[in-house]
Amino acid sequence: MAMIQIKNVTKKFGSVVAVDNLNLDVEVGECICLLGPSGCGKTTTLRMLAGFEKATEGEIWINGRLMNDVPPQQRNIGIVFQDYAVFPTMSVANNVAYGLKLRGVHGAERERRVNEALELVGLSGFGQRMPSQLSGGQLQRVALARALVIRPQVLLLDEPLSNLDAALRVSIRKQIRQIQQELNITTVFVTHDQEEAMSISDRIAVMKTAKLMQVGSPMEIYGKPKSAFVANFIGKTTMLKGTVRSAAGDHIVVRTGDFDFTVKKRDEVKPGTEVWMSIRPQDVQYGSETGENTLTGTVDYLEPLGAVTRGEIKTDHGFSLMFEIANPLYSRVPNLKEKVSMSVGADRIVYGVMTASDHDVFGELEKGA
Ligand code: ATP
């Protein structure tokens, strides 16, 4: 049985639907990320799991117990917030001990568990410090120790890394993942950062405007997006719209601008259907004049990022394609305005039938362009 079961849960604030008929199971020991843009309902979902908000409809089960009417303090849940929420006038040890005190754990046992939790997060010896004497990363590890010391059945983290600088975010997310795996603790992690979600999760639940769009392992979500929104939200990609011209055999042909893309068939589609296509920059073979889907164009933009140089080619067919050159120090990188040719493997193009929600995504992309 799953540790967490969210069954047909809807949350309304007046006329605002913050979460719309959500169904999601989280297995024992699994780390799942709720990922999506601001306002999509991630925090509200987490707050319902914690018991700070009541579901308007539906059921939340944790470890086989219906939680809808169980108050937060009786749910045995550890929570870490974005802003640390440590008590500024208490020492680190007293902050960590707080939950144990409330649960009637005293004396040597309490001290032992506090030390154990501090060691787990790499803060042994910091117990007597005051929060004002700690860095942001250390404060967040105190918050994590405080959540873990009560040995919760579930750990909830709400954007725990967003107040930290980029390097610290990477190092603390690694620590959180290692601790989560070591303790085999069922974890729900809220973030709007797709790289963070990819790096830390067993599965990602992608949300958009109160709805769950797709759940899957990080590479499933990246490689087999089921909607234009998920394709575009996870990683860099070029999104194109086109019309299916033929769909016989193993391939379909999709007209975009004045180009006919040959695309490996994944799902059945009928000629005349409007589809979205996603082409990852690393799948555009720059400089290739042979192979499938050979196009010509002009380099319009270049972005040296160190490990890769990313750029955009304005094709001669009425659309642009992002491309990427790996290891640019040792590879030929084109110049701006250079005329180039490129190809895209038919099996590298992901597509789906356009829905109203996909049209919205293209509307947003066009606004942003
Ligand atoms: P963010 O990443 O910005 O924190 P989120 O995905 O966590 O966003 P929520 O905070 O869950 O989104 O909010 C979902 C929707 O519900 C938003 O439209 C928000 O304005 C609304 N909402 C959240 N809390 C309340 C509240 N207490 N009263 C009214 N509306 C609310």
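In this chain, numbering begins with 1 at the start of the sequence shown. As the structure lists them, so they are numbered: ligands from 1, and atoms in each ligand from 1. Below, each value reflects all heavy atoms present in this structure, side chains not excepted, and no hydrogens, waters or symmetry copies.
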- Judged by modelled atom types alone, do S199 and R173 share a side-chain donor-acceptor pair under 3.5 Å? yes
- Item | K7 backbone acceptor or donor facing E59 side chain under 3.5 Å | no
- Query: Does the R280 side chain pair with the main chain of Y222, one donor and one acceptor, at a distance under 3.5 Å?
  - Reply: yes
- Task: Hey, can you tell me if F261 and F259 have their rings parallel, tilted or perpendicular (30° and 60° cut-offs)?
- Result: perpendicular
- Message: Strictly under 4.0 angstrom, heavy-atom based: which residues surround ligand 1?
- Response: F13, V16, A18, P37, S38, G39, C40, G41, K42, T43, T44, E159
- Query: When clusters are formed by joining ILVMFWY residues with side-chain heavy atoms under 4.5 Å apart, either directly or through shared neighbours, do L148 and V142 land in the same one?
  - Reply: yes
- Sequence neighbours excluded - ring pair (Phe, Tyr, Trp, His ring centres under 6.0 Å) pairs with any residue from residues 95-147: F87-Y98
